[in-house]
Amino acid sequence: MIYYGLQKTTLIDYPGKVAATLFTGGCNLRCPYCHNPELVNIVRAMDPFNLDYLKGFFIKRKNVLQGVCITGGEPLIHGEELTDFIKFLKDLGYLIKIDTNGTFPQRLKQIDPDYIAMDIKTSFDKYNLMGFTGMDAAQKLGESISYILNSGIKYEFRTTVVPGLVDYGDIEKISDIIRGADNYTLSQFRPGKTLDEESSLIEPYDISILEKMKSICDGKNIKTKIRDNK
């Protein structure tokens, strides 16, 4: 089983929709600042949701909820099992929003979501700091971004601005790649529970730094907003 959390109702996670949020376990990255460490390294004490329970829940709520946001961890590591459940949800009439790190472009295309939220962690050449292994990060991330920008699917790109991992130069590189994007969020890093305990001690950038980063994006015709998490 892959589902380790269920928020039964949310008005935030799926923009403009009344939705539920499902949390999958496991991730192929190891972002040191991740705020869901229990979903990255599955704690054995955590019990996954029974699939029959989830199916029953979504059948009962199909006239109340409009959408399902699937997040993690990284949902797309689960391949066919996730694809099958998304088909079940779509057959019930749900809209699907997927939160992803963009490293599985073919699986992203296969599930045919109605809304995509892709985290761009930093510039592609720094993805080794996120524990990225396997094929070239730029190839996979670039393919996902290209698909998102040209698919006609509603989307948002997001970057958590973590000191030491994201600086002005990284924002320049990211903004060159998503030039013209109409939905990009720069989120201020928030200390607290993190995958790497040392990351919990990082002092966030002053909001003025994020405002300067936003101006870089504005210069590339990117519609950018700042999320102040302090």
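A donor-acceptor distance shorter than 3.5 angstrom exists from the side chain of Asn183 to the backbone of Tyr155, with no hydrogens or angles considered. Panel note: side chain Asp167, backbone Asp170; a donor-acceptor pair is recorded below 3.5 Å. Checking side-chain atoms of Gln66 against main-chain N and O of Ala19 turns up no donor-acceptor pair under 3.5 Å. Without hydrogens or angle criteria, Thr122 side chain to Leu165 main chain gives a donor-acceptor distance under 3.5 Å. Side-chain atoms of Asn36 never come within 3.5 Å of backbone atoms of Gly73 as a donor-acceptor pair (strictly under, hydrogens ignored). With hydrogens and angles disregarded, no donor-acceptor distance shorter than 3.5 Å links the side chain of Tyr115 to the backbone of Cys69. With hydrogens and angles ignored, the 3.5 Å screen pairs no side-chain donor or acceptor of Thr224 with any backbone N or O of Asp218. In terms of modelled atom types and a separation under 3.5 Å, the side chain of Tyr94 and the main chain of Phe58 share a donor-acceptor contact. Distance alone, capped at 3.5 Å, places no donor-acceptor pair between the Thr159 side chain and the Val161 backbone. Arg30 places no side-chain N or O within 3.5 Å of a backbone atom of Gly131 that could act as its donor or acceptor partner.
When only modelled atom types and interatomic distance are considered, Thr21 and Tyr14 share no side-chain donor-acceptor pair under 3.5 Å.
Rounding to the nearest 0.5 Å places CD of Glu211 at 13.0 Å from CD1 of Ile216. Lys193 contributes atom NZ, which lies 9.0 Å from atom SG of Cys34 (distance to the nearest 0.5 angstrom). Atom-to-atom distance recorded for Cys217:SG and Lys212:NZ is 15.0 Å, nearest 0.5 angstrom. Annotation: the span from Ile178 atom CD1 to Lys223 atom NZ amounts to 13.5 Å, rounded to 0.5 Å. Here OH of Tyr184 is found 4.0 Å from CD1 of Ile171. Values are rounded to the nearest 0.5 Å. Expressed to the nearest 0.5 Å, how far CG of Leu210 lies from OG of Ser187 amounts to 8.5 Å.
By the 4.5 Å heavy-atom criterion applied to side chains, Ile120 and Arg158 are not counted as neighbours. Side-chain contact between Ile2 and Pro75 is absent, with no heavy-atom pair separated by less than 4.5 Å. Looking at heavy atoms from C-beta onward, Arg61 lies in side-chain contact with Thr9 at the 4.5 angstrom threshold. Side chains of Phe57 and Lys8 form a contact here, defined as non-hydrogen atoms less than 4.5 Å apart. Counting heavy atoms from C-beta on, the side chains of Phe124 and Asp136 never come closer than 4.5 Å. The closest side-chain heavy-atom distance from Leu29 to Phe132 is below 4.5 Å. Proximity of Ile177 to Leu141: side-chain heavy atoms (C-beta onward) are nowhere separated by under 4.5 Å. Between Leu129 and Lys121 there is no side-chain heavy-atom pair separated by less than 4.5 Å.
Note on Leu76: it does not cluster hydrophobically with Val40, by side-chain heavy-atom contacts below 4.5 Å among ILVMFWY residues. Taken together through direct or relayed side-chain contacts under 4.5 Å among Ile, Leu, Val, Met, Phe, Trp and Tyr, Phe189 and Leu195 form parts of separate hydrophobic clusters. Note: the hydrophobic cluster containing Val166 does not contain Leu201 (ILVMFWY, side chain heavy atoms under 4.5 Å, direct or indirect links). Put simply, Ile70 and Ile59 are part of the same group of oily side chains (I, L, V, M, F, W, Y) that touch within less than 4.5 Å, one to the next. In the hydrophobic clustering of this structure, Leu95 does not group with Val68; members are Ile, Leu, Val, Met, Phe, Trp, Tyr whose side-chain heavy atoms approach within less than 4.5 Å, directly or through other members.
The heavy-atom pair separating Pro113 from Ile153 by the smallest distance is O-CD1, 3.5 Å. Between Tyr205 and Gly164, the closest heavy-atom pair is OH-N, 4.1 Å. Of all non-hydrogen atoms in Ser144 and Gly102, the two that sit nearest each other are OG-O, 2.7 Å. Contact detail for Arg107 and Gly79: the closest heavy-atom pair is NH1-N, 3.7 Å. Among all heavy-atom pairs drawn from Cys27 and Asn101, the shortest one is SG-ND2, 4.1 Å. Heavy-atom minimum distance, Thr103 versus Lys140: O-CD, 3.1 Å.
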Exercise. Should Thr24 and Glu74 be marked as a side-chain hydrogen bond (donor to acceptor under 3.5 Å, both in side chains) after you check the CA-CA gap, both sets of side-chain angles, and the distance that decides it?
Worked result: CA-CA 7 Å; Thr24 66; Glu74 170 53 45; over 6 Å; no
Exercise. Passes side-chain hydrogen bond (donor to acceptor under 3.5 Å, both in side chains), Lys220 versus Ser175? Steps please.
Worked result: CA-CA 6 Å; Lys220 307 291 177 63; Ser175 60; 3.2 Å; yes
For this session: Mind running side-chain hydrogen bond (donor to acceptor under 3.5 Å, both in side chains) on Asp13 and Thr71 for me, showing each step along the way?
Result: CA-CA 10 Å; Asp13 292 343; Thr71 188; over 6 Å; no
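Ring geometry, Phe49 versus Tyr53: the interplanar angle falls under 30°, so the pair is classed parallel (tilted spans 30 to 60°).
For Phe85 and Tyr3, the distance between ring centers is under 6.0 angstrom.
When the options Lys225, Arg227, Met213 are evaluated for a side chain to side chain contact (heavy atoms under 4.5 Å, CB included) with Leu186, the one that passes is Met213. For the pairing with Asp114, the salt bridge (Lys or Arg N to Asp or Glu O under 4.0 Å) check across Lys90, Lys154, Lys97 returns one residue only, Lys90.
Within 6.0 Å of the CD1 atom in Ile12, the count of heavy atoms belonging to other residues, nucleotides or ligands does not exceed 12.
Residue pairs that meet the side chain to side chain donor-acceptor pair (under 3.5 Å) test with at least one member in residues 76-89, sequence neighbours left out, are Lys87-Asp91.
Between Glu143 and Lys109, at least one side-chain nitrogen of the basic residue sits less than 4.0 Å from a carboxylate oxygen of the acidic one, meeting the salt-bridge criterion.
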